[in-house]
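For reference, the structure is listed below as structure tokens.
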Amino acid sequence: MLRASTNAAVRFAECTIRPSSSLPCRRSFSFFTSIRIPSTHPFRGVASPTSRKHALFARYSTSNPAISDPSRPDLFYHPVSLPMIGSAYAVSFLTQPPPTPDSCSVMGWLPAETAGEADAEAGLNDFVENPKFRAIMHEAIQTGLREKVDDIWINGALQLQQGWMHIHDSRNLPALGRIGDPDDIIASVLVRDSKILPDTYQPMPSYRLCTSDGPTLLTEGLAAKLKLVLEGAITRETVQ
């Protein structure tokens, strides 16, 4: 049975990977540092798995305040309730609460409750990716490359001149001239005559939204584009 972590500050990945994990710990980062899980959970109830989608999230309230991450000011955590999981934190790049816990604006979820002792801490193994976010992230990046919103990748194409260019996650950049870890390669795009061909954009299936180096960290131009796309998506979801 799940019990709330009420007596300890829950850290979402401080490189405290469980023994069963094969992930290497490259450098530490912390989420939820100095943040305590509330002793009561008004959003705790879990609906029946057979309920309709709107009923599954009926107990969700957008009035819950977002929690900012002190080590990543671009990240925010929104208290939600999910079927089969219960109380959780939706990880997002937006301060605005998601219309529903499974909104495409949510990168993934970190359970606010863990199995076992009350002091158990949520970590990397507890993070659950949101496939809807992955899809909209690739859409935003491809559009950003087409609109030339990021000088870093424009300059990268100028240096490469010809060939395939990997779009790396900035959380773990490879050494100059090296290929990054498959977990950190977001996508690849063809460069011809020092220009990016956006229509050749190919997502990397092995890319992970969260690794031991942290969650997705895009270069400035692409990050800004993603945020705009997510804000637009929330607006559309709200009126539906």
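- Closest of all the heavy-atom pairs between L145 and I196 is CD2-CD1, 4.1 Å.
- The two atoms that bring P97 and I234 nearest to each other are O-CD1, 4.2 Å, heavy atoms only.
- With a 4.5 Å cut-off on side-chain heavy atoms, P215 and R72 count as touching.
- A donor-acceptor contact shorter than 3.5 Å is absent between the side chain of E237 and the backbone of S103.
- Contact detail for L94 and K227: the closest heavy-atom pair is CD2-CG, 3.5 Å.
- F76 contributes atom CZ, which lies 6.5 Å from atom OG of S68 (distance to the nearest 0.5 angstrom).
- Judged by distance alone, the side chain of N130 and the main-chain N or O of M107 form no donor-acceptor pair under 3.5 Å.
- Counting only heavy atoms from C-beta outward, the side chains of V91 and D69 never approach each other to under 4.5 Å.
- Residue pairs that meet the ring pair (Phe, Tyr, Trp, His ring centres under 6.0 Å) test with at least one member in residues 205-240, sequence neighbours left out, do not exist here.
- Under the side chain to side chain contact (heavy atoms under 4.5 Å, CB included) criterion, R178 pairs with P174, A175, not counting sequence neighbours.
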Indicate every side-chain donor-acceptor pair of residues 148-160 with a distance under 3.5 Å to a residue at least two apart or in another chain.
| unit_1 | atom_1 | unit_2 | atom_2 | d |
| --- | --- | --- | --- | --- |
| D150 | OD1 | I152 | N | 3.0 |
| D150 | OD2 | T219 | OG1 | 2.5 |
| D150 | OD2 | G221 | N | 3.0 |
| D150 | OD2 | L222 | N | 3.0 |
| W153 | NE1 | T219 | OG1 | 3.0 |
| N155 | ND2 | D151 | O | 3.1 |

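- Screening residues 167-197 for ring pair (Phe, Tyr, Trp, His ring centres under 6.0 Å), with sequence neighbours left out, gives H166-H168.
- From L82, atom CG reaches atom OG1 of T100 across 9.5 Å, with rounding to the nearest 0.5 Å.
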Practice problem: Decide yes or no on side-chain contact (heavy atoms from CB on, under 4.5 Å) for T211 and N172, but give the supporting numbers first. | Solution: CA-CA 10 Å; T211 69; N172 182 35; 6.0 Å; no
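- Between Y77 and Y89, the angle of the ring planes goes over 60°, which puts this pair in the perpendicular group of the 30/60° scheme.
- In terms of hydrophobic clustering, with Ile, Leu, Val, Met, Phe, Trp and Tyr side chains grouped at heavy-atom distances under 4.5 Å, I167 and I136 are assigned to a common cluster.
- Taking CD1 of I186 as the start and CD1 of I141 as the end, the distance is 4.5 Å to the nearest 0.5 Å.
- For R192, the CZ atom is loosely surrounded, since the number of other residues' heavy atoms within 6.0 Å does not exceed 12.
- M204 and R134 get closest at one heavy-atom pair: O-NH1, 4.4 Å.
- For the residue pair C104 and A233, the shortest heavy atom distance occurs at SG-CB, 3.5 Å.
- For the atom pair CD (E139) and CG (L226), the distance works out to 10.0 Å, reported to the nearest 0.5 Å.
- P182 pairs by the side chain to side chain contact (heavy atoms under 4.5 Å, CB included) definition with S206, not counting sequence neighbours.
- Taken from CG in D184 to OG1 in T216, the straight-line distance is 9.5 Å, to the nearest 0.5 Å.
- A donor-acceptor pair is defined here as one N or O able to donate and one able to accept, closer than 3.5 Å; such a pair exists between the side chain of Q142 and the backbone of P198.
- In this structure a side-chain-to-backbone donor-acceptor pair under 3.5 Å is missing from D193 to K195.
- The number of heavy atoms from other shown groups lying within 6.0 Å of CD (E231) is above 12.
- Under the rule for a side chain to side chain contact (heavy atoms under 4.5 Å, CB included), the partners of A90 that lie at least two apart in sequence or sit in another chain are H78, V80, V106, W109.
- Side-chain atoms of T200 come within 3.5 Å of backbone N or O of L190 as a donor-acceptor pair.
- To the nearest 0.5 angstrom, L217 atom CG is 7.5 Å from F93 atom CZ.
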